[in-house]
Amino acid sequence: MKIKKFVGRSFKEALETVKKELGPDAIILSSKSVKTGPFGIINKDAVEVTAAIDDSMEDVAVNINPAAKAGFSDVEEILKEIRGLRDEMGFLKETLRPIVPALRIGKDKKGLFNLLVKQGVDTQFAIILLERAQDSLDSLKGVIKKDLKIQGMLPAEESGFIFLGPPGVGKTTTISKVAHLLASKKKPVNLISLDDNRIGSMAYMKELSKQIKCPLRIIRNVSDLPKIIYREMGKGPILIDTPGYEYKEILEDIREIFPSGFPVKKCFLMDASMDTQAALKAWQKCNSDMIDSIGFTKLDMASQYGSLYNLSLLTSRPLSLVATGPDVPDDIRIPTPEFLAGLIVGGV
Ligand SMILES: Nc1nc2c(ncn2[C@@H]2O[C@H](COP(=O)(O)OP(=O)(O)OP(=O)(O)O)[C@@H](O)[C@H]2O)c(=O)[nH]1
Ligand SMILES: [Mg+2]
């Protein structure tokens with residue numbers, strides 16, 4: 001077996017040299033992009049092809065008797081066909097490499113790649129993750145864990161939260177869970193609702209304030225906030241509920257009315273059962289640069305959790321909390337990186 005390397009400006013050119021030098025029976029063993037051409041000359045898009053020719057084939061062909069030679073020629077035809085197909089596949093792979101980045105993933109990591117994509121992790125993110133991980137699930141989880149920033153509720157335990165997000169994402173339900181959690185830690189919670197229009201929402205907040213025995217103010221505009229906030233600040237966490245259809249305007253008002261900074265943490269809630277694009281659209285609709293942290297709701301409704309990884313990276317905000325069901329006060333969790341990474345790869 002004679003093995004030789006050939007370099008060409010393209011895979012096709014390298015292949016032609018292989019054919020010229022080693023003949024049509026040459027087998028392509030591998031190919032890769034290289035920066036340097038023959039004699040160390042820098043060549044921008046060079047392709048190096050490693051080819052082999054079985055030099056014993058000639059001897060076999062010479063020594064074989066004529067009767068056997070007839071059968072051999074059939075085999076030879078099939079081999080030729082296979083070599084042709086291999087060349088074609090190599091050529092196709094080279095042509096597709098720039099437009100199908102997944103071809104960068106080696107055979108040993110293909111299973112993990114498929115798993116990530118099946119869980120909804122963005123293809124580009126999956127490729128980068130696998131370039132940084134070894135070919136084991138534990139190593140992959142380790143890399144995912146490093147990328148996830150989890151802040152928890154500590155920064156908000158004193159100042160409080162204003163929850164923002166699209167309609168129905170779970171703002172009022174989450175505020176209720178957080179209020180119970182903080183009340184159980186003996187924090188003197190202060191409730192404010194900017195949702196003064198809907199009877200159901202107001203009744204819900206009134207009931208919550210009764211349950212945890214804390215004051216509630218229902219206001220119409222962000223301009224009503226400064227006097228309450230500056231009076232109550234420092235006494236305990238302030239939890240502010242907002243109506244979903246107005247989150248963009250509310251953020252604009254906050255920027256205008258609190259030019260030197262808003263003292264309550266702004267947490268944007270995203271529905272984990274929505275796909276990445278839909279959730280991202282809601283995020284991009286508002287002044288997202290003003291948001292301090294994110295939270296994921298409805299984890300119980302999601303069938304895959306890759307979007308949690310995508311959105312953590314795309315928003316580049318730390319995670320405050322996740323909601324794991326509709327039940328108040330139990331279905332809330334400050335996840336560990338281990339828990340989240342487990343969800344993202346499809347287990348726990
Ligand atoms: N399954 C499940 N349902 C939830 C979760 N969080 C909230 N919900 C439900 O989602 C629905 C909407 O929740 P809300 O808290 O009213 O949502 P919102 O964001 O305040 O809605 P708007 O004020 O209309 O924008 C309710 O039926 C909740 O019970 C969760 O984590 N899992
Ligand atoms: Mg609400």
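Side chains are part of it too, since the values below use all heavy atoms of this structure and drop only hydrogens, waters and symmetry mates. Every number for a ligand or one of its atoms is a count from 1 in the order of the listing. Residue numbers count from 1 along this sequence.
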Check: Can you find a non-hydrogen atom of Asp300 under 4.0 Å from ligand 1?
Finding: yes
Check: Do you see a protein non-hydrogen atom under 4.0 Å from atom 1 (N) of ligand 1?
Finding: yes
Checklist line | Least distance between heavy atoms, Leu129 atom then Tyr309 atom | finding: CD2-OH, 3.3 Å
Notebook entry, point to check: Does Tyr247 use its side chain to pair, donor to acceptor, with the backbone of Phe268 at less than 3.5 Å?
Noted result: no
Next item on the list: Look at atom 31 (O) of ligand 1 and find which of Lys298, Arg198, Met301 reaches it with the closest heavy atom.
Entry: Lys298
Check: Yes or no on side chain to side chain contact (heavy atoms under 4.5 Å, CB included) for Ile144 and Val121, after CA distance, side-chain angles and deciding distance?
Finding: CA-CA 11 Å; Ile144 292 175; Val121 173; 6.0 Å; no
Notebook entry, point to check: What protein heavy atom sits nearest atom 14 (P) of ligand 1, and how far away is it?
Noted result: Thr173 OG1, 3.5 Å
Notebook entry, point to check: Using 4.0 Å as the upper bound for N to carboxylate O, is an ion pair formed by Lys248 and Glu252?
Noted result: yes
Note to self: Geometry only, no angles: is Thr172 polar-contacting ligand 1 at N/O separations under 3.5 Å?
What the structure shows: yes
Notebook entry, point to check: Does an N or O from Val169, backbone or side chain, lie closer than 3.5 Å to an N or O of ligand 1?
Noted result: yes
Margin query: Within this structure, what is the CG-CD1 distance for the pair Leu148 and Ile150, rounded to the nearest 0.5 Å?
Written below: 5.5 Å
Check: Between Ala323, Gly325, Gly170, Gly168, which one has a non-hydrogen atom sitting closest to atom 30 (C) of ligand 1?
Finding: Gly325
Next item on the list: Look only at the side chain of Lys109 and the backbone of Ala133, and say whether a donor-acceptor pair between them is shorter than 3.5 Å.
Entry: yes
Check: How far is atom 3 (N) of ligand 1 from its nearest protein heavy atom, and which residue and atom name does that atom have?
Finding: Pro326 CB, 3.7 Å
Item checked: Lys177 (side chain) donor-acceptor with Ala323 (main chain) under 3.5 angstrom -> no
Note to self: So which atom in Val189 and which in Cys214 form the shortest heavy-atom distance, rounded to 0.1 Å?
What the structure shows: O-CB, 3.1 Å
Next item on the list: Report, in ascending order of atom number, the atoms of ligand 1 lying under 4.0 Å from any heavy atom of Gly244.
Entry: 25 (O)
Next item on the list: Please check if the side chain of Ser307 supplies one atom and the backbone of Asn310 the other of a donor-acceptor pair under 3.5 Å.
Entry: no
Note to self: I'd like to verify the contacts: list protein N, O or S atoms under a distance of 2.8 Å from the Mg ion (ligand 2).
What the structure shows: Thr172 OG1
Notebook entry, point to check: Leu299 and Ala272: which non-hydrogen atoms are nearest, and at how many Å?
Noted result: CD1-CB, 3.6 Å
Check: To the nearest 0.5 Å, what is the distance between OG (Ser159) and CG (Asp292)?
Finding: 8.5 Å
Notebook entry, point to check: Is any N or O atom of Lys171, backbone or side chain, closer than 3.5 Å to an N or O atom of ligand 1?
Noted result: yes
